[in-house]
Structures are given as C-alpha cells and as structure tokens.
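Any value given below was found using the heavy atoms of this structure, including those in side chains, with hydrogens, waters and symmetry copies removed. Quick note on labels: first sequence line is chain A, next is B, and so on, each numbered from 1.
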Amino acid sequence: MNHPKNLSTKYPSRKAYALVDGNNFFASCEQVFNPKLLRKPIGILSNNDGCIIARSNELKQLGVPMGTPKFKWNKFLQSHDVHLFSANFSLYGDMSKRMMMTLTSIVPSIEIYSIDEAFLDCSMFPPSELNKLATRIYQTVPRWIGIPVGVGIAPTKVLAKIANHFSKKHQCPFVIYFDKIADSLRDLPIKDVWGIGRRLTKKMNALGIFTAYDFYKKDEEWVKQRFSIIEQKLHKELQGKPVLHLNRTANKKSICVSRSFEKSVSHKEYLFDAVSCFLNSAVEKLRRQESLAGLLHIFIQTNRFHKGNYYSGMDIIRLTHTNETSQFLQSARRSFDKIWKPHSYKRAGVILSDFISIKDYQPTFFENENLNPKLQKLQKTIDTINKTHAKQQMGIASVGHLMKNWKMNRKNLSPAYTTRIEDLIKIHI
DNA sequence: TCTGGGGTCCTAGGACCC
DNA sequence: TCTGGGGTCCTAGGACCC
C-alpha cells in the first residue's frame with residue numbers, strides 16, 4: 001500500500017509513533033468469553049444501565065448512536081434482538097492489562113493513553129521496517145488475547161491517530177510516511193482530526209478550512225495570528241514535526257470518583273455515606289500511585305435533566321499533603337455539612353488533586369506529625385488485602401454501611417471471567 | 001419512570017503585590 | 001471627574017478526549 005522509499009537516507013533521525021487501540025473494546029471483551037455473541041449487535045451500558053457507551057459493529061450499523069440514553073431506544077433494541085451488558089470494568093481493565101503487556105513485549109516504549117489505547121515510540125525501528133512492525137502488532141494482539149486492533153504508525157502522535165483512523169477504515173495496518181503526509185490529509189474532514197471538536201470545527205469552517213489538508217498547508221504565522229497554542233501545536237504535528245511526546249508516567253494529576261444513584265437520595269446521612277465511599281476509593285487509588293494530595297474537592301448534585309430547581313453544591317478544601325483516609329474524611333464531613341441542603345440528590349463525587357510524590361515528601365517543621373507511621377503501615381496492609389481479595393472487603397467501619405440506600409443498578413452484568421474461578425469454570429460448561 | 005464516568009490542558013479574570 | 005502598569009498566583013470554567 002505505501003512504501004518507505006528513501007526515508008532512511010532522507011530523514012535519518014525522524015520519529016515514528018504508533019497508535020494501537022482495541023476495536024469496539026468493551027464489546028470485544030464480552031465476545032472473547034462468549035463467542036456466541038460474535039457478529040451479533042451488542043451494546044455496553046453505563047452505570048445504572050443508563051446510556052449505551054460501547055457498541056459492536058453490528059449495533060453501529062443499526063444506527064444506534066454512542067452515548068444515547070437506553071430508555072429512548074428500548075423498543076428498537078428489543079425488536080432487533082440486541083444483547084445488552086452492564087459495563088464490567090474489572091473485566092475490561094484486566095483485558096486492557098493483557099493488551100498493554102502484549103504491546104510492551106513488541107515495543108517497550110509505551111504510553112497507556114486510555115483503557116483501550118496506547119502510543120508506542122517506534123523511533124528505534126528503521127523506516128523500512130515500519131510496515132512489518134505494524135503488521136506484527138496487528139496480528140499478534142488478536143492472536144494472544146482475542147481482541148482485534150487498529151494500528152497506525154506516523155511521524156507524530158496526531159498523524160498516528162489519523163493513520164489509525166485509516167487502519168480501521170481499510171481494516172489493515174496503516175503507515176503514513178513523511179513524504180506522503182499531504183496525500184493522507186487531502187480528503188480528511190477537519191472534524192476528524194484529534195483535538196478538533198465541535199467548536200473548533202465551526203471556527204475552522206468559518207475560516208475556509210474544511211479538510212485536514214486545508215489546515216496543513218497554512219503557514220505558521222497565519223495559524224499563530226488566529227489560534228491559541230493548542231491549534232499551533234496541532235498544526236505542527238500535522239506537518240510531521242513532533243511536539244507531543246510520549247508520556248510514560250502512569251501517574252494521574254487528579255483522581256475523581258463519582259456516581260449517579262439509581263434512585264435519588266434525600267437523606268443527609270445516606271448521601272454522606274456515599275461521599276465517604278467515593279472518597280475511600282479515591283484515596284486508595286492515590287496510595288496506589290504513591291502520591292499525596294493537597295486538594296480535596298467534593299460535590300453533590302440533583303438531577304440535571306429536571307428543569308427548574310437544579311442544585312449543585314461543591315466545596316474545595318486545601319489540606320496538608322496526605323494519603324490518609326481519615327484526614328480526608330474529617331475535611332469532607334465539614335465541607336459536606338456546609339454544602340448540604342434538603343434536596344433529592346442524583347449524583348455525588350470527590351476529586352483529589354495537587355499531588356506530590358511520597359518519595360519527594362519532605363516534612364517541614366510544622367507538618368512532621370502529618371503522616372503517622374503506624375497508620376501508614378496499617379493502610380498498606382488493608383490495601384494489599386483489598387487488592388488480592390475482593391474489592392472493599394476491609395476499610396473504615398463507618399464507611400459504606402448505608403450502601404444499600406444509594407447503590408447502583410447493574411442488571412445485566414456479565415460474569416467476572418478473568419478474576420473469579422467460579423466464573424472461569426462456568427465458561428466451560 | 002428511565003439520561004455515565006474519568007481525565008487533560010488552556011484561558012480569562014480576580015486578588016494581590018511592587 | 002479622576003481613576004498606572006505590570007507581574008504572579010490562583011481558581012472557575014470551557015473544550016476536548018476516551
């Protein structure tokens with residue numbers, strides 16, 4: 001299809017990035033363990049079975065849009081015999097790990113971009129081998145873990161995204177070489193470029209830019225005068241000049257845990273119990289990445305689809321950097337009492353941010369009592385038990401004891417195929 | 001009746017300081 | 001009626017992504 005002619009002599013130090021992603025990832029995960037579902041229309045539902053958040057090709061072809069509320073399509077889904085599943089994130093997370101390990105074994109330099117997507121730095125491969133490499137990735141992942149993937153390789157991350165788009169379209173691995181960039185962009189609508197959303201598409205169109213090529217051929221000064229730094233970077237990337245590099249640190253800059261409730265929650269203590277639970281698991285994630293947080297953000301919201309008296313309360317608390325659940329809980333209690341008003345709440349959540357690494361932590365004179373060594377040890381033990389056994393087996397006694405009053409609804413959950421032995425056995429019956 | 005969750009980056013505007 | 005000019009830091013909110 002495309003050949004790496006002259007590249008090795010012409011651009012000896014050129015970069016190459018691959019973007020690999022699982023096709024219809026969540027749907028494919030369900031199909032791996034239940035092959036009867038292959039070539040069937042299947043949909044994955046969000047928490048509370050509210051929206052359709054992933055679709056197999058067959059469901060896409062039926063015209064069911066992404067993110068649509070399920071209740072609006074109930075009749076249609078039934079009449080077309082669509083198989084629906086509640087999102088089984090522990091299954092998808094486990095399959096994701098396997099996919100990433102497979103990719104790492106082929107190209108060690110990897111950035112995990114999302115649950116189903118990774119960038120690989122392929123610069124160490126000579127251009128003449130990129131086609132072979134793309135093919136190898138394209139074949140190995142489905143062979144090893146059963147998930148089909150799209151593979152695109154190009155001189156920049158933005159172009160790799162585009163190459164991946166062509167990979168999906170033509171159902172083959174796809175490489176964009178530096179001297180073929182313009183050809184690849186010629187008929188690509190500007191809205192399909194990574195980073196160009198609704199608002200930017202409108203602005204671009206107003207300036208006479210309709211394809212990626214239209215933007216590509218503008219000169220730097222023209223772009224600088226009309227756009228912010230985001231679009232200037234994007235423009236460079238489209239021209240094959242890499243400005244976005246591989247980010248290999250897996251650590252997050254913020255951690256958010258939030259949920260919508262099956263039924264609205266009006267009781268103050270039930271709602272606080274939910275907030276405590278979210279906080280508990282957020283702080284657990286914080287410890288897993290060995291960070292301390294200095295900012296806690298909590299929010300509670302009524303149903304945003306009910307016009308009229310929508311209420312959204314939130315508070316941000318600065319605290320001495322910590323990873324101790326009890327410290328967060330104390331602050332959360334004060335904030336919660338501040339923002340709570342009698343309403344029926346539909347959603348609540350917490351966000352942790354302003355992280356420092358626990359390794360860099362140097363207690364100052366005033367803070368040196370902040371991290372209690374005994375408590376640190378105890379927390380570590382609890383985290384380990386929760387990691388190796390079922391989730392949330394152990395914890396602070398006051399957290400989650402009212403859970404039955406705010407829990408989520410997941411009626412169509414598939415078995416935990418990869419983590420529960422009983423379910424592994426079931427597959428073979 | 002029923003409408004997801006978790007991220008990143010950038011910008012504008014206010015507070016404060018010299 | 002007059003009401004500096006920058007700089008920095010912080011936060012709220014927008015835009016975008018998966």
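Across B:dG4, C:dC16, B:dC10, the shortest atom-to-atom separation from the side chain of A:I230 is found for B:dC10. Among the nucleotides B:dG7, C:dC17, B:dG4, the one closest to the side chain of A:Y113 is C:dC17. If you check C:dC18, B:dT8, B:dG5 against the side chain of A:E117, the one that comes closest is C:dC18. Closest to the side chain of A:R198, from the set C:dC18, B:dG7, C:dC16, is C:dC16. Proximity note for A:C256 (side chain, C-beta onward) versus C:dA12, B:dG6, C:dC18: the nearest is B:dG6. Side-chain proximity of A:W194 to the nucleotides B:dG4, C:dC17, C:dC16 is greatest for C:dC17.
For the pair A:K346 and B:dT3, the criterion of a side-chain N or O lying under 4.0 Å from OP1 or OP2 is met. For the pair A:K161 and C:dC18, the criterion of a side-chain N or O lying under 4.0 Å from OP1 or OP2 is met. Dashed line: the shortest gap from a side-chain N or O of A:R304 to OP1 or OP2 of B:dG4 is under 4.0 Å. Phosphate contact (OP1/OP2 of B:dG5, side-chain N/O of A:R347, threshold under 4.0 Å): present. Contact annotation: A:S254 reaches the phosphate of B:dT8 (side-chain N/O to OP1 or OP2, under 4.0 Å). Side-chain N/O atoms of A:R318 include none lying less than 4.0 angstrom from OP1 or OP2 on C:dC10. Taking 4.0 angstrom as the limit, A:K253 places a side-chain polar atom (N or O) nearer than this to OP1 or OP2 of B:dC9. Residue A:S258 places no side-chain N or O under 4.0 Å from the OP1 or OP2 atom of B:dG4.
For the pair A:Q301 CD and B:dG4 P, the interatomic distance rounds to 11 Å; values are reported in whole Å. Across the protein-nucleic acid pair, A:N24 atom CG and C:dC18 atom P stand 14 Å apart, rounded to whole Å. Remark: P of B:dC2 and CZ of A:F261 are 15 Å apart, rounded to the nearest angstrom. As rounded to whole Å, 11 Å separates atom P of C:dC10 from atom CG of A:L295. Rounded to an integer number of Å, the gap from CG of A:L296 to P of C:dT11 is 13 Å. Rounded to a whole Å, the CG atom of A:N303 is 6 Å from the P atom of B:dT3. Computed from coordinates, the A:L244 CG to B:dC10 C1' distance equals 14 Å when rounded to whole Å. Atom CG of A:N247 is separated from atom C1' of C:dC18 by 16 Å (rounded to the nearest Å).
Residue contacts for A:K233: at a heavy-atom cut-off of 4.0 Å it reaches the sugar-phosphate backbone alone, with no base atom in range. Using a 4.0 Å heavy-atom criterion, one finds that A:I115 contacts no nucleic acid atom at all. Within the 4.0 angstrom heavy-atom criterion, no nucleotide atom of any strand lies near A:L45. Contact annotation for A:N74: no contact, since no heavy-atom pair falls under 4.0 Å across all strands. Among the heavy atoms of the strands lying under 4.0 Å from A:I316 are primed sugar atoms or P, OP1, OP2 only; no base atom is included. Nucleic acid contact class of A:V193 (heavy atoms, under 4.0 Å, all strands): sugar-phosphate only. Nucleic acid contact for A:F89: none, since no nucleic acid atom lies under 4.0 Å from a heavy atom of the residue. Across all strands, A:K72 comes closer than 4.0 Å to no nucleic acid atom at all (heavy-atom distances).
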Decide yes or no on side chain to side chain donor-acceptor pair (under 3.5 Å) for A:E324 and A:S326, but give the supporting numbers first. CA-CA 6 Å; A:E324 290 176 359; A:S326 52; 4.7 Å; no
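Between A:Y310 and A:F305, the distance from one ring center to the other does not fall under 6.0 angstrom. The six-membered or imidazole ring of A:Y17 lies away from that of A:F119, with a centre-to-centre distance of 6.0 Å or more.
Between A:M66 and A:A54, the shortest heavy-atom contact is SD-N, 4.4 Å.
Of the C1' atoms belonging to B:dC16 and C:dG4, the separation is 16 Å, rounded to the nearest Å.
Nearer the 5' end of DNA chain B, as judged by each residue's closest nucleotide, is the contact made by A:F305, out of A:K252 and A:F305. Between A:G50 and A:K285, the residue anchored nearer the 5' end of DNA chain B, judged by the nucleotide with its closest heavy atom, is A:G50.
The aromatic rings of A:F227 and A:W222 sit tilted relative to each other, their planes meeting at an angle between 30° and 60°. The aromatic rings of A:H170 and A:F166 lie parallel to each other, their planes meeting at an angle below 30°, with 60° marking the opposite boundary. The aromatic rings of A:Y311 and A:Y345 stand perpendicular to each other, their planes meeting at an angle above 60°, with 30° marking the opposite boundary.
Within a 6.0 Å sphere centred on NZ of A:K236, heavy atoms belonging to other residues, nucleotides or ligands number 12 at most.
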Watson-Crick or G-U pairs under 3.5 Å in DNA chain B, rendered as dot-bracket with [ ] for crossing pairs and | for another strand: ....||||||||||||||
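Looking only at atom types and distance, the side chain of A:E284 has no donor-acceptor partner in the side chain of A:S281 under 3.5 Å away.
Of the candidates A:L62, A:V64, A:L59, A:H80 forms a side chain to side chain contact (heavy atoms under 4.5 Å, CB included) with just one, namely A:L62.
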